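What you are looking at is a predicted structure, and each value in this text was computed from that prediction instead of being measured.
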Amino acid sequence: MTNSHLVYLRELKDNNPMYQNSSFIPPYQVDDIDGKPEGSFREYVINKAIKNDLTCARDNKWKLIGDTVERLECDCLNQLYVVAAVYRLWQCTSDSPLENLGLGSVSSVNLGTGLTDKANTNYNGKRDFWFDRTHLDKKFALQMDETLLGYGLKFLKEDGQNICEWPLGTPDDPFQLDKGHIPRQGDGTWYSPPLKDVFPPEGNFIEEDGKIKMANLTLDANSTTTSFKVKFTWTEYKTFSKYSELKAAVHEEYVHEIDEMNFKDPTSTRTSLDPYIFDLNYAVRMVEEFGADLPKYIYYRQKEVFDSAAFVQKISKPGAIPTTVEDFTEVCTDGVCNTLSFVPGRLDTCECQNIYKCPNGTTSSVKSMGVDDCTVPEDVEVLRRVSVIPNWYWMNLNATYGEYVAQRYHDFQDYRVHGQPVEKNAPSKLVKNAQKYQNATDFDDLGNIEKAGDSIGTLKLETGEVAVFTLNLTGLPNNMTYNDHYRVSLYVDCKPCPNRYTCTYADASDLTTGSCSSPDYLIQDENFNKCLKRERKTVCVSNTSLTVELGDGSEEKGGCLYWDKVYNEEGYYPAGHPNNEVDDVTGLEVITAIPQQEIDLFNEMFLVYQEPDLNKCINTPYYCEDKNWEYMTWIRVCNDDDANPDYYDCNEVLMYDNFKRWADEQCCTESQSKPSKLTCNYETNTCQDPDSDDVDYALFTSLDFYSEYDYYPPPQRRQGRLVMDRAVQEAGLGQPELPFEGFYKWHKPMSVETN
């Protein structure tokens, strides 16, 4: 018996007048078949939920964006701050029409000028007809396509004046694209999670007369310009005077990096776009596609209970900062906090270049269709490490500490080794400067290289000691399997590689001769430089020495850093100092203020500043393979004349003196490297010129010296005056984003010290 439903679906239906003048389009139309009129169609059954989902890509994108943000592959919050800053720059300094980017745009445009190529008007997709977009000014709107006036072409103003000021935010709504301060590092507000260093500390906007205004603004009859500074790539900041300059530079760099990824440059090893240029390019596209309508789509709202913590930006409420941002602590009383939590209004307005990347620790095969196709490879990748030694242990807390109330150690001071009391974090009575748990917060990258807080310290056990750990794993999900999803590991007398490193070993019995299958060397180098930027140590130097450090972070009594604290922070002589006055009546010592003249003299002789902690970063295994490190020191900056700050490496003085000593040896040992014109003064063991009182050391062949010392000597001896400026010494002579370039590598020892 024939199924009536199949017969119904199989038979063609006549073209029904009910479908005329309606939005319904029959799913499958045919020409005249078997006497059926043209326009007949075959009906079919569909699932309306699936159909609606397929036609609404936004509903899929926000889920993908959410997944990407939660696995720390995308920073939606910081990206939208960049969009806001670029949007305001466009409003204030726009000097050309918007381009037809995005859907409904097939015009040929000049991205350098922002103008449509009128010779190719046949390719104009007329985006303003199909989609909502508002131009800043009527003049620019008409330049885009005057034929669309009245047919979707919209503009914000007719007076030709740019918008260079915006209203302040409110306590409950501090920031949107068109109002309030754009969040940035160093603006006096506490942020969690911390912001990226996208904008300079001084910012690009100022508050004046109850408004937010563009800083460094220059207005004239023809144009509006500013000094808009932004992190352009990972290694550099750039300053732009107007939006069109930024757009052209971003497009050029973006295309260049795309070409590198597509192997158009055979020497390139690029595997992803620079995150800063990616965000800037996205910001430009959003401005071009939506214009003044952009705040309708990109906005922020306060956090709701159903919002994931991964999307939340917490900020301190106005007036909640006590003295400095570092002193701020989030406090909530009866559900009211001294912070405000907000999230992006729409996740689909974010853009993530790793949105289709498999989650950390998984890979997929070619032609995979979704995240479900990502599987765990055979080479297990460590995503995160957490120390099993809890905070209350190494922090030596003796009061309530959150969930550790029952386990807190009130009686740890009674713990003894060989009968001697031992404190957890104080110098041991048995070993000088030893601690039971060392480097508790020093090696975050070993736990989670992408987020601070999971440092892996070192527990020191004396001979005969036993450490007992009890782990409560009842809170783990049921589908987490030991050795497949998590492991308990013990590292003895060594440090593990940072997480996300995949290590391989040629010999399983020898774990000292390994390498990494990932990440590549560029990422390893980047991680190392990030450590040098983050980890700093305080040093003290004298203006009479170019190499000797008088302090390395220690404030032990009598040291340079100790006296720096006395002179520049306390301002009083310490007890027992001979300059303290004596009370005439009691005969007791009176703590006396240090005269300003003496403080000034101290600061003229000694300089305290911070430099990258090379030793600490070298002791973190950022590089997979064994690496031989030459002896290196942070370059000190010298000059010869304060009026003309021609900064140079102070080592040039030592390098020249070392060359001169070598040259004198060549003269007095009758070496083949000695120029025939020179002889030896055996009284001083130096070179001499019979025809001149001065010796021209340039007569020596630099190549002979280079073959022995691995550097070419400077052409002349510099004065070697140490620049007594903290900012200059901390900046060094290298690139700020590549601090390793700021170290001098001592290929050969130099025995000369200049005072």
(message) Measuring from atom CZ of Arg721 to atom CG of Asn543, what distance do you get when rounded to the nearest 0.5 angstrom?
(response) 10.0 Å
(message) Salt bridge check, Lys674 against Asp664: does any charged N sit closer than 4.0 Å to a carboxylate O?
(response) no
(request) With rounding to the nearest 0.5 Å, note down the distance linking CD in Glu570 to CH2 in Trp563. (result) 10.0 Å
(request) Using a 4.5 Å cut-off on heavy atoms from C-beta on, say whether the side chain of Ile599 contacts that of Asn568. (result) yes
(request) Mind checking side-chain hydrogen bond (donor to acceptor under 3.5 Å, both in side chains) for Glu526 and listing every partner two or more places apart, or none if nothing turns up? (result) Lys530
(request) Quick one: list whatever passes ring-ring contact (aromatic ring centres under 6.0 Å, His included) with Phe528, sequence neighbours left out. (result) Tyr623, Trp629, Phe740
(request) Check each of Tyr706, Phe705, Tyr656, Tyr744 against Tyr711 using the ring pair (Phe, Tyr, Trp, His ring centres under 6.0 Å) test, and report the only one that passes. (result) Phe705
(message) Any donor-acceptor pair under 3.5 Å linking the side-chain atoms of Asp274 with those of Tyr254?
(response) no
(message) Strictly below 4.0 Å, N to O, side chains only: are Arg636 and Asp649 in salt-bridge contact?
(response) no
(message) Quick test of your reading of the model: are Arg536 and Asp613 salt-bridged, counting only N-O distances below 4.0 Å?
(response) no
(request) Please list, chain by chain and in numerical order, all residues satisfying side-chain hydrogen bond (donor to acceptor under 3.5 Å, both in side chains) with Ser387, sequence neighbours excluded. (result) Tyr437
(request) Assess the side chains of Tyr622 and Asp445: does a donor N or O sit below 3.5 Å from an acceptor N or O? (result) yes
(request) Tell me if the SG of Cys531 lies under 2.5 Å from the SG of Cys617. (result) yes
(request) Could you tell me whether the side chain of Phe443 reaches within less than 4.5 Å of the side chain of Lys495, counting heavy atoms only? (result) yes
(message) Checking the side chain of Arg385 only, and the main-chain atoms of Ile456 only, is there a donor and an acceptor separated by less than 3.5 Å?
(response) no
(request) Could you grab the distance from atom CD of Gln666 to atom CD of Gln672, nearest 0.5 Å is fine? (result) 10.5 Å
(request) Taking the two cysteines Cys668 and Cys687, decide whether their SG atoms are closer than 2.5 angstrom. (result) no
(message) Looking at Gln596, I'd like to know if its CD atom is crowded, meaning that more than 12 non-hydrogen atoms belonging to other residues, nucleotides or ligands lie closer than 6.0 Å.
(response) yes
(message) For a quick check under 3.5 Å, do Glu665 and Thr669 share a side-chain donor-acceptor pair by atom type?
(response) no
(request) Answer yes or no: is there an ion pair linking Lys677 with Asp689, defined by an N-O contact shorter than 4.0 Å? (result) yes
(message) Testing the 3.5 Å rule here: is there a donor-acceptor pair between the side chains of Asp197 and Tyr276?
(response) yes
(message) Taking ring-ring contact (aromatic ring centres under 6.0 Å, His included) as the definition, give me every residue that meets it alongside Phe602, ordered by chain and number, with sequence neighbours left out.
(response) Tyr567, Phe606
(message) I want to check something: taking the side chain as every heavy atom from C-beta on, are Val86 and Leu280 in contact at a cut-off of under 4.5 Å?
(response) yes
(request) Determine whether more than 12 heavy atoms belonging to other residues, nucleotides or ligands lie under 6.0 Å from atom CG of Asp691. (result) yes
(message) List the residues meeting ring-ring contact (aromatic ring centres under 6.0 Å, His included) with Tyr572, not counting sequence neighbours, and say none if there are none.
(response) none
(message) Would you say Asp725 and Tyr609 are linked by a side-chain donor-acceptor pair, where the criterion is simply a distance under 3.5 Å?
(response) no
(message) Quick one about Asp640 and Gln719 (side-chain donor to acceptor, distance below 3.5 Å, no hydrogens or angles considered), yes or no?
(response) no
(message) When you compare the side chains of Tyr647 and Asn639, does any donor N or O come within less than 3.5 Å of an acceptor on the partner?
(response) no
(request) Verify side chain to side chain donor-acceptor pair (under 3.5 Å) between Asn603 and Asp600, making sure each step is shown before the conclusion. (result) CA-CA 5 Å; Asn603 290 328; Asp600 294 340; 4.9 Å; no
(message) If only side-chain N and O atoms count, and only distance matters, is there a donor-acceptor pair under 3.5 Å linking His256 with Glu260?
(response) yes
(message) Is there a side chain to side chain donor-acceptor pair (under 3.5 Å) between Tyr81 and Asp75? Walk through the geometry before answering.
(response) CA-CA 10 Å; Tyr81 302 151; Asp75 192 342; over 6 Å; no
(message) Under the disulfide bond (SG atoms under 2.5 Å apart) definition, can you give me all pairs with a residue in residues 707-737, not counting sequence neighbours?
(response) none
(request) Determine yes or no for a side-chain-to-main-chain donor-acceptor pair under 3.5 angstrom, with Glu730 supplying the side chain and Gln610 the backbone. (result) yes
